[in-house]
Protein chains: 2
Amino acid sequence: MSLYHPAADEIELPAVLHALSDPQRLRIVRKLNADPEPRPCGGFDVKVSKSTCTHHFRVLREAGVIEQHQLGTARLNLLRRADLDRRFPGLLDAVLESAATETAAAV
Amino acid sequence: MSLYHPAADEIELPAVLHALSDPQRLRIVRKLNADPEPRPCGGFDVKVSKSTCTHHFRVLREAGVIEQHQLGTARLNLLRRADLDRRFPGLLDAVLESAATETAAAV
DNA sequence: GCAAATGTACGATGATCGTCGTATAATCAT
DNA sequence: ATGATTATACGACGATCATCGTACATTTGC
């Protein structure tokens with residue numbers, strides 16, 4: 001089972017925005033950005049079931065936001081920052097900073 | 001019938017990203033940005049029915065992306081640039097530039 | 001007053017979404 | 001081998017979405 005990843009040039013803006021428009025997925029991406037080491041799916045404080053988690057990681061991967069690599073039973077997740085920055089310069093940072101200020105304002 | 005608009009501080013990131021994740025709505029926002037004059041709903045080259053158009057404008061308005069003001073039978077649409085820039089600095093521009101490069105790449 | 005123009009309201013429809021539970025596969029440690 | 005760990009697959013559920021057509025409301029112009 002090989003994991004589908006869109007090529008860098010195939011990443012589409014609506015798909016990326018949709019992937020980032022879910023709070024759970026946004027939380028995942030923020031964590032992945034704050035701590036850029038490859039991280040298994042379990043290493044996120046997401047408050048949904050495992051199945052739902054799998055779903056969210058797939059949405060992020062198929063949109064081109066993250067990369068997933070199998071390592072034993074674990075699946076390591078990695079932000080595709082370089083690809084995203086090349087394709088949509090400034091977008092990821094703008095979203096991440098927006099998420100940070102929103103959290104700050106809410107707390 | 002008064003039109004609901006979220007206050008600037010109530011604009012939420014997931015709602016904005018979701019609003020911008022639809023190609024039709026993204027086209028509307030791009031037009032509104034390129035030509036910042038208030039513009040009735042009919043003044044957009046969107047390829048969907050009138051009812052669908054009404055729906056998209058409502059999604060954009062309720063997310064806080066646009067402002068709508070009734071003027072006779074027409075409803076004037078306006079980008080809430082100042083509010084968006086204050087709440088989520090750089091986000092709107094990043095999305096708009098991403099949309100522009102994506103279009104350029106596709107053509 | 002009447003017709004045209006602008007846009008909404010109200011369903012309806014098929015698609016997608018986010019969520020879950022259970023069952024299953026694959027690896028690792030003992 | 002056994003058991004624990006990690007994560008998927010599959011099917012299901014209710015909710016939301018994008019779309020449409022038809023009917024209606026309001027204003028504008030003659």
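In what follows, chains carry the letters A, B, and so on, assigned in the order in which the sequence lines appear, proteins first and then strands, with residues in each chain numbered from 1. Note that the coordinates shown come from a computational prediction; the quantities given were computed from them, not determined experimentally.
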* Do the non-hydrogen side-chain atoms of B:His5 and B:Leu3 ever get within less than 4.5 Å of each other? -> yes

* Approximate separation, where rounding is to 0.5 Å, of B:Asp83 CG and B:Glu67 CD -> 7.0 Å

* Given D:dA7, C:dG7, C:dC17, which nucleotide is nearest the side-chain atoms of A:His18? -> C:dC17

* **Inter-residue atom distance A:Thr101.OG1 - B:Arg86.CZ, 0.5 Å rounding** => 12.0 Å

* Quiz item: B:Ser51 side-chain donor-acceptor pair to D:dG21 base, under 3.5 Å -> yes

* Asked: Going by heavy atoms in the side chains, are B:Leu96 and B:Arg30 under 4.5 Å from each other?
  -> yes

* Using a cut-off of less than 4.0 Å, is there contact between a side-chain N or O of A:Thr52 and OP1 or OP2 of C:dT19? -> no

* Separation of C:dA4 C1' from B:Lys50 NZ (nearest whole Å) -> 11 Å

* Can you run down the salt bridge (Lys or Arg N to Asp or Glu O under 4.0 Å) pairs that involve residues 37-63 of chain B, sequence neighbours left out, and say none if there aren't any? => B:Asp35-B:Arg39

* To do: Write down the distance between CG (A:Asp22) and P (C:dC17), rounded to a whole number of angstrom.
  => 11 Å

* Asked: OP1, OP2 of D:dT6 versus side-chain N and O of A:Arg75: anything below 4.0 Å?
  -> no

* Asked: According to a strict under-4.0 Å criterion, is A:Arg58 in side-chain N/O contact with OP1 or OP2 of D:dT8?
  -> no

* Between A:Thr73 and D:dA7, does any side-chain N or O lie under 4.0 Å from OP1 or OP2? -> no

* **Spacing of B:Gln70 atom CD relative to D:dT26 atom C1', expressed in whole Å** => 9 Å

* Which one, D:dT19, C:dT8, C:dC20, comes nearest to the side chain of B:Val48? -> D:dT19

* Structure fact -> Atom CZ of B:Arg25 and atom C1' of D:dC17 are separated, to the nearest Å, by 8 Å

* **Distance, rounded to the nearest Å, where B:Phe57 contributes CZ and C:dT8 contributes C1'** => 13 Å

* Between C1' of C:dT16 and CD of A:Glu62, the distance in whole Å -> 13 Å

* Rounded to whole angstrom units, what separation is found between the CD atom of B:Gln68 and the P atom of C:dT6? -> 16 Å

* **Rounded distance in Å - NE2 (A:His55) to P (D:dC10)** => 16 Å

